[in-house]
Structures are given as C-alpha cells and as structure tokens.
There are 2 protein chains.
Amino acid sequence: MPAFGFQPHDHADCIRTTLAQADAYCAQHKLKLTPIRRRALEILLAEHRALGAYDLLAVLAEDGLGTAPPVAYRALDFLTSAGFAHKIEGLNAYIACAHFGADHSPAFLICTSCKSVAEAETTATQGRLGEAARAAGFTISRTVVEALGLCPQCQEAPCA
Amino acid sequence: MPAFGFQPHDHADCIRTTLAQADAYCAQHKLKLTPIRRRALEILLAEHRALGAYDLLAVLAEDGLGTAPPVAYRALDFLTSAGFAHKIEGLNAYIACAHFGADHSPAFLICTSCKSVAEAETTATQGRLGEAARAAGFTISRTVVEALGLCPQCQEAPCA
DNA sequence: GCTTGATATGTTATAGTATTACATTTAGCA
DNA sequence: TGCTAAATGTAATACTATAACATATCAAGC
Ligand SMILES: [Zn+2]
Ligand SMILES: [Zn+2]
Ligand SMILES: [Zn+2]
Ligand SMILES: [Zn+2]
C-alpha cells in the first residue's frame with residue numbers, strides 16, 4: 001500500500017469507510033467507540049493532517065463534548081491504543097491511521113510547507129534500523145519513523 | 001560504525017575526544033563554542049543518555065551559568081545546529097552526537113528500561129522510507145528514526 | 001429490578017516543555 | 001574608538017500533558 005494523503009482521492013468516502021471499519025472493529029473487539037471517541041476520530045479524519053490535542057479539543061468543545069484537556073487526551077489514548085490514530089512525535093500532534101486495522105509500524109512523510117501528512121508502512125525489524133538493532137543486541141518494541149520535507153504539490157508551488 | 005552506547009568503552013576518552021573535536025570544528029567553521037555551550041555539550045556527553053532541557057538547565061545552574069529556560073534552549077539550538085547534539089523527539093530530550101562531524105541522518109535505539117540511548121547511522125534517502133518517499137514524489141530534508149525497546153543488558157536482567 | 005464492579009466522563013489543578021520579547025553585555029572589526 | 005552583530009540575562013507567557021478525585025454510566029450476575 002503506497003503512501004497516501006498527497007494524491008487526490010474521494011475523501012468523503014475515505015472518512016465514511018474508516019468510521020465504518022472502526023465501528024466494526026470495536027464491535028468485534030468489545031471496545032466502546034463512544035460519542036466523544038467517535039467524533040474525535042471523525043475530526044482527525046477530516047484532513048490528512050496532524051492535529052494538536054488542543055486543536056482537537058477546541059472542535060470537541062464546539063460540539064459540546066467537553067472543554068478540559070483530559071477529554072482530548074483520553075480520546076487520543078483510546079484511538080491510538082486501538083490503532084485508529086497515531087502520534088507524530090516530531091509535531092506533538094495526532095493523525096488518523098491510514099492503514100486501518102493492521103498492527104503495523106507506521107512511517108510518516110510530513111510536508112513542512114502545507115503540513116499534510118502521508119502514512120507509509122515500514123517493517124520495524126527489517127531494513128537498516130533492524131540491522132543496527134540486531135547488531136547491537138537490541139530488541140525493538142516500537143519505532144518512530146518520520147520524514148520531514150516537501151510533498152509533490154509544494155515542490156512545484158513553493159509559495160502556495 | 002556500529003551503534004554505540006550499549007557496549008562498555010573508555011568513556012572518559014569518549015568525552016575528551018568529542019570536546020576536542022568540537023573545539024576544532026568550531027575553530028574551523030568560525031563558530032563560537034562559548035563556556036555555556038561547551039559546558040552544555042560536556043553535560044550531554046556525561047552519559048549515553050538523553051537529557052531533558054530542564055535537566056540540562058539544572059546542571060548549568062549549579063555551575064552558575066544561567067537559570068532561565070532560554071539559556072538551555074539556546075545552548076541546545078547551537079549544539080543541534082552545529083551537529084554536536086540531537087533531539088530525541090519521542091522523549092523530548094537531547095543527546096550528544098556519537099558520530100561526530102558527519103552530516104548524517106541519525107537513528108536511535110532507546111532502552112525503555114535503563115534509558116540509555118545508542119546512535120546508529122541511517123541513510124535518509126535509501127531504505128524503505130526513501131522508497132516510500134520516492135514513490136509518493138516526496139523530497140526528504142530531515143528524518144526522525146527512533147526505536148524503543150530493550151538494550152542487551154536489560155533483556156538479561158529485566159529488574160535491574 | 002437491584003447490586004456491584006468496571007469503565008467512562010466531568011472538573012480542577014498542576015507538571016513539564018518551549019518560545020517571545022526586550023534589555024544588556026560582549027566580541028569582532030572598520 | 002565607535003559601530004555592528006552575536007551572545008547573554010531575565011520576565012513573562014504559550015503550548016503540551018498528566019494527576020487526582022468526584023460523578024455518571026454500563027454490563028453482568030444475582
Ligand atoms: Zn482521504
Ligand atoms: Zn497507521
Ligand atoms: Zn562513551
Ligand atoms: Zn549524530
């Protein structure tokens with residue numbers, strides 16, 4: 001599955017499908033996608049961009065779903081634990097998962113100009129990082145892989 | 001150069017050599033390794049661990065080199081810009097560079113038990129992340145690659 | 001239906017990380 | 001010496017995240 005988010009696509013469908021998948025996944029795994037959690041996911045899905053916890057909170061507050069920081073952080077904890085969202089460490093921000101369901105090691109391509117983010121797959125224990133880890137006798141449990149740079153659109157139109 | 005930091009080594013020499021290299025590099029590039037900056041690097045070098053900005057500041061304060069946050073953040077800006085230190089995004093912490101001088105794309109192996117950190121090399125534009133970027137038409141300027149897990153020592157003695 | 005325990009939410013306060021802004025000093029150079 | 005740019009001193013503030021505890025909701029199991 002290629003990196004997603006920079007190519008134009010039917011994004012309304014993108015949102016609809018993911019929410020439906022999340023509903024199904026939660027039903028199957030006895031997780032509760034409560035109104036706050038579901039709306040938080042929907043907000044993250046609105047754009048292929050990362051949102052700060054307080055940005056998310058501001059939108060939840062507009063909807064009357066809570067005003068205090070724990071509201072946002074609890075929703076984000078749930079979504080990230082369930083694999084519905086990821087934290088972008090380099091931005092202290094959160095984004096909906098684009099490779100739903102799979103237990104995966106995400107890698108992000110982050111455009112420093114337009115702030116859009118695409119999620120690609122990596123294999124944690126393969127590749128050069130895996131090699132380095134094996135050579136050092138290190139056991140990987142989680143990886144953070146993020147690339148900062150320019151997306152195709154912003155390379156062509158730097159001032160956009 | 002293999003990942004470093006987990007293997008026992010002459011660490012006093014490790015510090016001495018790096019400081020000397022930093023002195024030389026600054027002389028050559030007309031950068032000023034002022035007392036605050038030099039001491040900050042020395043503090044980061046003291047252990048192969050990442051230090052928070054405020055931890056660094058606390059030590060600088062003991063030495064009478066400043067008490068306000070900008071003191072630490074300015075020193076860290078200088079050190080990271082010069083390539084003498086790196087930020088570990090996943091920890092909001094900073095560590096001295098273990099591959100001095102080279103303009104490189106560091107990858108970190110971070111032990112979640114003992115907090116030690118080893119720095120390995122990666123090539124930003126090669127490997128799987130590079131492939132994903134090329135496929136997406138994305139131009140990488142900087143990468144964040146961090147692996148969380150257990151170092152050799154902590155795998156053997158989980159309670160240490 | 002009621003009890004009960006576990007999960008989720010409401011709310012306040014606080015901890016931890018980082019930057020802005022502006023005054024002052026210092027270092028390098030004409 | 002006088003000028004300029006860089007570095008430092010300092011206060012205030014912004015941004016990110018968690019702790020702690022009260023209350024409410026839900027899903028069994030009786
Ligand atoms: Zn979409
Ligand atoms: Zn994902
Ligand atoms: Zn050493
Ligand atoms: Zn390095």
Side-chain angles (χ1 to χ4, degrees), chain A residues 22-23 26-41 43-44 49-82 84-95 110 115 144 146, chain B residues 22-23 26-41 43-44 49-82 84-95 110 115 144 146:
Chain A
D23 284 327
C26 285
Q28 188 176 349
H29 291 79
K30 308 221 184 281
L31 298 173
K32 282 187 278 191
L33 195 59
T34 62
I36 293 179
R37 293 167 175 176
R38 195 169 196 281
R39 179 67 182 128
L41 177 55
I43 292 164
L44 291 182
R49 292 206 304 126
L51 231 55
Y54 282 72
D55 297 327
L56 171 65
L57 180 59
V59 182
L60 289 173
E62 282 175 16
D63 296 0
L65 290 172
T67 60
V71 171
Y73 284 102
R74 283 168 183 158
L76 288 168
D77 279 351
F78 175 85
L79 295 176
T80 53
S81 298
F84 300 166
H86 302 292
K87 180 174 186 183
I88 310 283
E89 296 289 348
L91 301 176
N92 292 320
Y94 305 82
I95 191 166
I110 303 161
K115 316 295 178 193
V144 174
E146 302 168 5
Chain B
D23 285 326
C26 286
Q28 188 177 349
H29 291 77
K30 307 223 183 279
L31 297 174
K32 283 188 278 192
L33 195 59
T34 63
I36 293 179
R37 292 167 176 177
R38 195 170 195 281
R39 179 67 182 128
L41 177 55
I43 291 163
L44 291 182
R49 292 205 304 127
L51 230 56
Y54 282 73
D55 297 328
L56 171 64
L57 180 59
V59 183
L60 289 173
E62 283 175 15
D63 296 359
L65 291 171
T67 59
V71 171
Y73 284 102
R74 283 168 183 157
L76 289 168
D77 279 351
F78 174 85
L79 295 176
T80 52
S81 298
F84 300 167
H86 302 292
K87 180 174 186 183
I88 310 283
E89 296 289 348
L91 301 176
N92 292 321
Y94 305 83
I95 191 164
I110 302 161
K115 314 297 179 194
V144 174
E146 302 169 5

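Scope of the values below: all heavy atoms of this structure, side chains included, with no hydrogens, waters or symmetry mates. Owing to the predicted nature of the structure, the values given are computational and were not obtained by experimental measurement. So you know, we letter chains A, B, ... as the sequences are listed, proteins then strands, and number each from 1.
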Practice prompt. Quickly work out the B:Phe78 CZ to C:dA18 P distance and round it to whole Å.
Written response: 20 Å
Worksheet item: Do A:Asn92 and B:Asn92 touch side chain to side chain, with heavy atoms closer than 4.5 Å?
Response: yes
Discussion item. Just so I know, are the side chains of B:Val59 and B:Arg39 near enough to count as touching, which here means a heavy-atom distance under 4.5 Å?
Written reply: yes
Worksheet entry | Atom-pair distance (NZ on B:Lys30; C1' on D:dA6), nearest Å | 15 Å
Discussion item. Does any part of the side chain of B:Leu57, heavy atoms only, come nearer than 4.5 Å to the side chain of B:Tyr73, both counted from C-beta?
Written reply: no
Response to the item:
Between A:Ala72 and A:Ala53, the two heavy atoms sitting closest are CB-O, 3.5 Å
Discussion item. Using whole Å, what does the distance between atom P of nucleotide C:dA18 and atom CG of B:Asp55 come to?
Written reply: 11 Å
Worksheet item: For the atom pair CD1 (B:Ile43) and CD (B:Glu62), what is the distance rounded to the nearest 0.5 Å?
Response: 8.5 Å
Worksheet item: Does A:Asn92 have a side-chain nitrogen or oxygen under 4.0 Å from the phosphate oxygens OP1 or OP2 of D:dA17?
Response: yes
Discussion item. Is the shortest side-chain heavy-atom distance between B:Phe78 and B:Leu31 below 4.5 Å?
Written reply: yes
Response to the item:
Expected string for nucleotides 19-29 of chain C under the B/S/- scheme (protein heavy atoms, under 4.0 Å, primed atoms plus P, OP1, OP2 as sugar-phosphate) is BBB--------
Worksheet item: Are side-chain heavy atoms of B:Leu65 and B:Val71 found at a separation under 4.5 Å?
Response: no
Discussion item. Under a 3.5 Å distance rule, please check whether B:Glu146 uses its side chain to pair with a backbone N or O of B:Glu89 as donor and acceptor.
Written reply: yes
Worksheet entry | OP1 or OP2 of C:dT9 under 4.0 Å from side-chain N/O of A:Thr34 | yes
Worksheet item: Expressed in angstrom and rounded to an integer, what is the separation of B:Leu79 atom CG from D:dA7 atom C1'?
Response: 14 Å
Worksheet entry | Nearest-Å distance for atom pair CG/C1', residues B:Leu65 and D:dT10 | 16 Å
Worksheet item: Quick one: B:Leu91 CG to C:dA18 P, roughly how many Å, whole number?
Response: 11 Å
Fill in: Contact nearer the 5' end of DNA chain D, comparing B:Val71 with B:Leu31
B:Leu31
Worksheet item: Starting at CG of A:Leu60 and ending at P of C:dT9, how long is that distance when rounded to a whole Å?
Response: 11 Å
Fill in: Atom-to-atom span, CG of A:Leu57 to P of C:dT12 - whole angstrom
14 Å
Worksheet item: With a 4.5 Å heavy-atom cut-off, do A:Lys87 and A:Ile95 have their side chains touching?
Response: no
Item to complete: Specify the angle, to 10°, made by the local axes at the two ends of the helix from C:dG1-D:dC30 to C:dA30-D:dT1 when five pairs are taken at each end.
Response: 20°
